[in-house]
There are 2 protein chains.
Amino acid sequence: MITIKDIAKKANVSEGTVDRVIHNRGGVSKKTASKIKAILEHHNFSVNPVASALALKNKYLIATLIPEYNDADLFWKSPHLGILKGASDVHNFGVTLHNFTFNQYDTDSYLNSFQALLETKPSAVIMVPNFSKETKQIVGKLEALNIPYLFLNIDIEGFNNKAFVGQDSYMAGYIAGKLMNLSISKPSTFLIIQARYNITKNNAVSNRIKGFNDYFIKNNINSKTQTLKIENLNNSIETKERIKNYLKQHPEIEGLFVPSSRIYIVVDCLNTAYLNKLELIGFDNTPQNIKCLKNDAVSFLISQKPFDQGYEAVRLMTDYLKIKKELSTKKIYLPIDILTKENVDYNERNELVFEKVEK
Amino acid sequence: MITIKDIAKKANVSEGTVDRVIHNRGGVSKKTASKIKAILEHHNFSVNPVASALALKNKYLIATLIPEYNDADLFWKSPHLGILKGASDVHNFGVTLHNFTFNQYDTDSYLNSFQALLETKPSAVIMVPNFSKETKQIVGKLEALNIPYLFLNIDIEGFNNKAFVGQDSYMAGYIAGKLMNLSISKPSTFLIIQARYNITKNNAVSNRIKGFNDYFIKNNINSKTQTLKIENLNNSIETKERIKNYLKQHPEIEGLFVPSSRIYIVVDCLNTAYLNKLELIGFDNTPQNIKCLKNDAVSFLISQKPFDQGYEAVRLMTDYLKIKKELSTKKIYLPIDILTKENVDYNERNELVFEKVEK
DNA sequence: TCTATTTTCGTGTACGCACACACAAATATA
DNA sequence: TATATTTGTGTGTGCGTACACGAAAATAGA
């Protein structure tokens with residue numbers, strides 16, 4: 001492996017000069033610089049990241065901004081753990097992570113957390129662009145400061161984000177349609193239960209619904225879907241009533257599709273008779289959802305691999321910072337995992353192992 | 001972060017002495033050693049892997065021994081790529097990989113490759129224990145030399161391997177049963193096509209078959225399975241005839257289960273009428289199999305995540321060598337991925353990305 | 001008991017490689 | 001010639017590793 005010292009010798013300059021050329025730090029005459037560059041290219045030189053990390057000693061700070069999690073909504077715990085795992089992987093390479101969270105239903109909290117984030121003067125930002133208008137403000141500041149940023153989990157268009165790391169929502173919904181069709185095995189009627197507030201938040205839910213419907217259309221399957229919109233999909237008596245009433249009025253329904261991570265709430269609203277009669281398909285491997293999967297209330301869950309999203313985002317950003325490696329694709333789509341009661345325990349092994357190690 | 005220098009100062013000894021204690025290199029009086037140990041523990045010290053790697057400069061050599069691949073059997077390409085990715089990840093930490101391959105149908109080639117491997121004096125070995133008797137010989141030599149080893153993909157019992165990295169074959173077969181049942185949606189008859197030579201090779205195939213059958217038994221489903229054993233499952237006219245004849249004689253069969261990576265050969269043996277009539281479920285995401293999945297000949301593939309197997313094995317062994325981290329579990333089971341034509345392209349993204357980068 | 005020799009214990013430091021600052025030399029400008 | 005600017009050099013730093021060597025203690029020999 002060729003080192004800076006070797007290059008310096010070949011070019012008849014000092015190591016410091018080579019280093020300046022490598023990092024475009026200026027102070028080198030054009031002639032010398034181009035000579036050195038030629039030698040670098042000829043030998044296909046790249047810095048030794050280990051030595052570099054040792055010398056830099058925490059030069060980079062990556063800030064993350066993701067929704068907070070709680071017992072009722074554990075979804076965001078996984079990306080958080082993935083980020084922590086990524087942080088521990090890159091820590092020794094001179095990259096430090098600084099994590100900020102916000103309330104995903106509160107724009108003020110989003111903006112405030114961002115402000116706190118900015119004050120740490122990060123070298124890069126990994127964020128979940130939960131609100132589109134406010135994201136515009138935020139991104140404006142980042143761009144003014146020339147701070148690269150990357151979108152996690154939620155994909156919104158029209159920004160100069162270095163990348164999006166997440167799932168192809170449309171195809172995930174499409175696969176949900178396939179699984180639903182497989183489970184019922186004849187043309188039927190399905191109900192999509194949609195929480196209203198999701199609409200404003202991001203388009204993942206609507207893309208999933210579109211994919212779900214398209215499966216039947218594109219494969220000429222004569223199944224029908226209906227949609228029940230619920231303002232606030234929580235564990236209230238009201239929610240229970242609405243779902244119950246709807247199903248009573250529509251006995252033809254044989255399957256429920258919940259295009260959010262809240263299917264466990266729907267399960268809570270149904271009695272055993274309904275649970276036996278209906279096929280349920282939902283999203284995300286939260287503990288509550290996994291419980292529903294294991295006791296046969298839910299047939300399939302589609303996982304977004306949230307842990308991997310966090311992990312990948314950190315690795316990606318680190319690579320970008322350290323070797324200015326531009327990303328080949330803007331959309332980093334993670335696998336669309338099909339979870340059943342049988343394979344769920346083998347999934348996200350990394351997450352479990354990591355959580356244990358951290359304790 | 002506390003450094004060796006700090007520890008040395010606190011203990012009133014030199015850095016070198018601390019280093020000797022850390023690495024049990026002897027030459028330190030018991031009294032001093034225990035004093036230093038106490039301080040190390042108290043501060044929860046662990047060596048900085050970056051500085052360590054820089055200082056060690058390729059101290060460790062991990063040798064791998066896996067089956068070779070060719071156009072007809074590309075399965076082993078993925079673990080190979082995973083190993084390469086792992087190698088590039090750990091390269092800067094002072095670990096070098098040296099890869100050996102063998103013909104998976106030839107014991108001599110297995111033993112010869114092993115001999116060549118031994119001559120490189122590796123610090124650790126990652127191997128696919130393809131033949132049980134010969135593995136005993138090999139392992140004997142490794143243990144005599146005190147070289148740690150790890151089994152990849154094939155799990156055989158009665159050895160002191162540090163770990164097994166692969167899939168839970170029984171559960172994978174069980175899930176195949178579930179998917180088959182889902183696809184047919186009523187009690188039916190299924191044919192398991194088994195290549196005879198697999199039996200001697202490893203028990204993964206028989207575990208998959210057991211899991212497949214058990215799905216119907218444990219769930220009280222009145223489906224039946226038959227088994228067709230073919231000596232050498234290749235693209236011959238003979239194979240074609242045997243399968244054709246069997247199906248003609250057993251028109252009740254509605255699904256084929258191929259518990260090996262060779263389902264594409266079975267597809268080759270069937271005409272369109274049969275392909276439309278039958279549900280096919282097989283294993284492994286080889287290019288040929290993926291093609292069959294995409295053109296609807298095969299309904300599901302179960303992936304062993306072979307790329308991840310290789311990658312994980314390398315990472316695991318590296319951790320073991322560098323920090324003598326004993327593995328918490330001996331069985332490292334990777335996820336059981338359910339692949340359909342819709343999600344297959346999102347799978348093994350790492351593998352594709354890595355292959356591109358390497359080119 | 002005293003010196004000579006071996007063994008035990010501990011210290012000092014060069015090295016791996018990249019980085020960046022302080023400084024010196026060379027050149028250009030006033 | 002004096003001053004500013006550009007260009008290039010030298011070196012300490014980050015942290016752990018391991019070798020060479022010195023000091024101290026233990027043993028042997030007389």
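To find a chain, count down the sequence lines: A is the first, B the second, and so on, and within it residues start at 1. No hydrogens, no waters, no symmetry mates; every other heavy atom, side chains included, goes into these values.
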Open item on the list: Taking 4.0 Å as the cut-off, does a side-chain nitrogen or oxygen of B:Thr3 come that near to OP1 or OP2 on D:dG14?
Closed with: no
Exercise for the section: Establish, with yes or no, whether the OP1 or OP2 oxygen of C:dG10 is under 4.0 angstrom from a side-chain nitrogen or oxygen of B:Thr17. Expected result: no
One would report the end-axis bend of the helix from C:dT1-D:dA30 to C:dA30-D:dT1, five pairs per end and rounded to 10 degrees, as 50°
- Item | Atom NE2 of A:His43: over 12 foreign heavy atoms under 6.0 Å | yes
With a 4.0 Å cutoff (strictly under), does any side-chain N or O of B:Ser29 reach OP1 or OP2 of C:dT8?
no
Atom CZ of A:Phe93 and atom C1' of C:dA18 are separated, to the nearest Å, by 14 Å
Checklist entry - Looking for any heavy atom pair under 4.0 Å, which part of the strands does A:Ser14 touch: base, sugar-phosphate only, or nothing? => result base
Whole-Å distance, B:Lys5 NZ to C:dG12 P, equals 13 Å
Whether A:Glu143 and A:Lys136 form a salt bridge (side-chain N of Lys/Arg under 4.0 Å from carboxylate O of Asp/Glu) is what I want to check.
no
Rounded to whole Å, the NZ-P distance (A:Lys35 to D:dG8) equals 9 Å
To the nearest angstrom, the CG-C1' distance between B:Asp19 and D:dA18 comes to 7 Å
The answer to which of B:Ala51 and B:Gly27 contacts DNA chain C further toward the 5' end, by nearest nucleotide, is B:Gly27
Out of D:dG14, C:dA22, C:dT11, minimum distance to the side chain of A:Ala55 belongs to D:dG14
Q. Within the side chain of A:Gln309, is there an N or O that forms a donor-acceptor pair under 3.5 Å with the backbone of A:Gln304?
A. yes
Check A:Lys141 with A:Glu119, please: is the shortest side-chain N to carboxylate O separation under 4.0 Å?
no
The nucleotide from D:dG16, C:dT11, C:dC19 with an atom nearest the side chain of B:Arg20 is C:dT11
If only side-chain N and O atoms of B:Thr32 are considered, is one of them under 4.0 Å from the OP1 or OP2 phosphate oxygen of C:dG10?
yes
Out of C:dA18, D:dC15, D:dG8, minimum distance to the side chain of A:Ile4 belongs to C:dA18
Rounded to whole Å, the CZ-P distance (A:Phe45 to C:dC17) equals 10 Å
Between B:Phe93 and A:Phe93, what is the ring plane arrangement, given parallel below 30°, perpendicular above 60°, and tilted in between?
perpendicular
To the nearest angstrom, the NZ-C1' distance between A:Lys30 and D:dT6 comes to 13 Å
- Query: Do the ring planes of B:Tyr149 and B:Phe151 sit parallel (below 30°), tilted (30 to 60°) or perpendicular (above 60°)?
  - Reply: tilted
When rounded to whole Å, the CD1 to P distance for the pair A:Ile22 and C:dA20 reads 11 Å
Here the distance between atom C1' of D:dG14 and atom CG of B:Asn48, to the nearest Å, is 9 Å
Among D:dG8, D:dG16, D:dG14, the one nearest any side-chain atom of A:Leu54 is D:dG14
A:His42 atom NE2: more than 12 heavy-atom contacts under 6.0 Å = no
With under 30° as parallel and over 60° as perpendicular, where do the rings of B:Tyr346 and A:Tyr333 fit, or are they tilted in between? perpendicular
Quick check on D:dA18: is either OP1 or OP2 less than 4.0 Å from any side-chain nitrogen or oxygen of B:His23? no
